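One structure is given below, encoded as structure tokens.
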Amino acid sequence: MVDCLNCFPCFSSQKSKKSNSKREGSPAEDNFVAKPPDMKNKRPEDAAAIDPANIKAKHYTFRELATATKNFRQECLLGEGGFGRVYKGVIPATGQTVAVKQLDRNGMNGNKEFLAEVYTLSQLNHENIVNLVGYCADGDQRLLVYEFVQGTALDKRLLENKGDQPPLNWYTRMKVAASAARGLEYLHDNANPPIIFKDLKPSDILLDGDNNAKLFGFGLGQHGNDMNLAPTRVMGTYGYSAPEYVRTGQLTMKSDVYSFGVVLLELITGRQAVDTTRPNDEQNLVSWAQPIFKDPKRFPDMADPNLGKNFPEKDLNQAVAIAAMCLQEEAEARPLMSDVVTALSFLSTVPPPGAVPIPKAPSVASKKNSKGKEDYSKSESERESEGESESERGSLSGSDSSYQSESSISDHKASTKITSRKHSSRDASKKHSSRKHSTKDISNKSTKKPSLVEKGDKKSSELRKKSTKKSSKASGHKSSKKTSLKILSQKSSKKSEDESIFISRNSSSSVISADEILEHMGSREYGNISFGLISSESITSNRSED
Ligand SMILES: Nc1ncnc2c1ncn2[C@@H]1O[C@H](COP(=O)(O)OP(=O)(O)OP(=O)(O)O)[C@@H](O)[C@H]1O
């Protein structure tokens, strides 16, 4: 287990100003003193040792930020969160537009802890998080300066859409999910020490003009600078917090995976995590969804009516399956964000314009696997007998033309379909390079060597390039040539490279299929849900092929 970033201990704000007032924190929870977080990845820099000269983010004077925000004028106010107000500003010297968060002064303890957190946050840089660009620690003023994101928060776009924009289409929703997952994965796998978002919800996800998600609001919220200090209060948001966090106050990366699962479910269903306007048994989204997870025939009923059935049913089944895995009661049984990213990257790939429409795939039948667990997937032979190919993944439950029109009313213009696929490939390559980073990080803790990963990555990226060019020709065509993409297993940090799991995939596909990822997740025995498609023999034979 990793520790979390005990951020901004100097601010004991209780996030009380949050407008939706959905905070958990019953008196019982308030009194709860959680177990101390694991100390394994103790913050490398002691707060006392932070030299402002080592902080990458720029130091601004209060005067500079006051000028930038027109003296924190109301017209510049972007919003108010639990830790203070956020203003839009323009840095006079550079003309850069920024978002300035003026932290509440309640409970401020001092400068060192603030600088330590700024130091950690300023090391981060990723396209799917809102990056910190500067800070101010003048007198008793503490301000954080972020890149400004022109766009809308996901809660507003998805759940409070006033009808002035068309509803988000299926692929855009998957793109939002995949990019948010990438941001979270970055915080988990690349930040040092790993950062637990703690309280992910749609209002923490900003969508830029291309509907790329950017996470913000992390790095704030726990008391106690010393990692030995326990969080004193559960501060999650009702409907999004993992059950173990509510019970014990213990935060892990798996609590983030749970919150992400709720967000994914919101994207699929268009329902809010908590909606008191619905009948009693539908007010809590996860409680409403849990029984449906066990009955895949009902998955299509979960889809947001605003989607108008314009989604590939198979993709919907897979997206629901991913959400179900993220939402498992047992934290250990939830997948890693890196696996979620891989699966969602596939689902967010818009099929090429020439893709042949394939008749609606039959619903996935529920069955029990060998362990007597629910198995939502079809066996390989079933799939083959149904003639499924990689290209079918992109087919919609309706006709191709319905996809076209759906796409054209949406923020995806027709011409962006191919670009989007390219983007996806590019994202996937980035993903792989970031995976390399992860591997490197992991290798510090284990005997893992990166060579085979790199080999696999090279192969995959060549294949992706070929497949992008050939995508329209390749649809429906199955190559017998197999390659392998190595997915770092959850246990890989403990195992040697030879024991890592390889998953076979068709060389004509540009990315590994979500089924395969689900299978991979299932192969790791993620809790009560199994999505087995590939036999253990096929995994073994592909290991030997490589
Ligand atoms: N970098 C940014 N670019 C553009 N808008 C931003 C940026 N950061 C924050 N905002 C806007 O400011 C509002 C307030 O942000 P803040 O982080 O304080 O709120 P929050 O996430 O709603 O609260 P909290 O996470 O503390 O409960 C957000 O709803 C968002 O619309």
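Here the structure is a predicted model, which is why all the values come from computation and not from measurement. All ligand and atom numbering here is 1-based and tracks the order in the structure.
The only member of Leu154, Asp304, Ile268, Asn211 that meets side chain to side chain contact (heavy atoms under 4.5 Å, CB included) when paired with Arg173 is Asp304. Remark: of the listed residues Asp199, Leu121, Leu184, Asp204, Leu121 is the sole one forming a side chain to side chain contact (heavy atoms under 4.5 Å, CB included) with Phe218.
Proximity to Phe83 (heavy-atom distance under 4.0 Å) selects the following atoms of ligand 1: 26 (O). If you number the atoms of ligand 1 from 1 as listed, the ones under 4.0 Å from a heavy atom of Phe148 come out as 3 (N), 4 (C). Atoms of ligand 1 lying under 4.0 Å from at least one heavy atom of Leu78, given by number and element, are 5 (N), 6 (C), 11 (C), 12 (O). Of all atoms in ligand 1, numbered sequentially from 1 with element shown, those under 4.0 Å from a heavy atom of Val130 are 1 (N). Remark: ligand 1 atoms within the under-4.0 Å shell around heavy atoms of Gly82 are 23 (O), 24 (P), 26 (O), 27 (O). Within ligand 1, counting atoms from 1 as listed, the ones closer than 4.0 Å to a heavy atom of Lys101 are 16 (P), 17 (O), 18 (O).
The side chain to side chain donor-acceptor pair (under 3.5 Å) check on Glu282 picks up Arg271, with sequence neighbours excluded.
Summarising the contacts of atom 25 (O) of ligand 1 with Asp204, Leu206, Val100, Leu103, the nearest heavy atom is found in Asp204. Of the candidates Ala99, Gly81, Ser203, the one placing a heavy atom closest to atom 23 (O) of ligand 1 is Gly81.
Residue contacts with ligand 1, taken as heavy atom pairs separated by less than 4.0 Å, do not involve Arg85 at all. Contacts between Asp199 and ligand 1, counted as non-hydrogen atom pairs separated by less than 4.0 Å, are absent for every part of the residue. Only side-chain heavy atoms of Phe216 come within less than 4.0 Å of ligand 1; its backbone N, CA, C and O stay farther off. Residue contacts with ligand 1 for Ala153 are absent, since no atom lies close enough (heavy atoms, distance under 4.0 Å).
With Ser255 contributing its side chain and Thr252 its backbone, the two residues share a donor-acceptor pair below 3.5 Å.
Heavy atoms of Gly217 stay at 4.0 angstrom or farther from ligand 1. Within the structure, the closest approach of Lys88 to ligand 1 does not fall below 4.0 Å when heavy atoms are considered.
For Glu75, the CD atom is densely surrounded, since the number of other residues' heavy atoms within 6.0 Å is greater than 12.
Centroid-to-centroid, the aromatic rings of Tyr87 and Phe148 stay 6.0 Å apart or farther.
Between the side chains of Glu147 and Asn131, at least one donor N or O lies within less than 3.5 Å of an accepting N or O.
Residues Phe293 and Leu265 meet the side-chain proximity criterion, which asks for heavy atoms closer than 4.5 Å.
Annotation: cation-pi geometry satisfied between Lys58 and Tyr60 (NZ/CZ under 6.0 angstrom from ring centroid, within 45° of ring axis).
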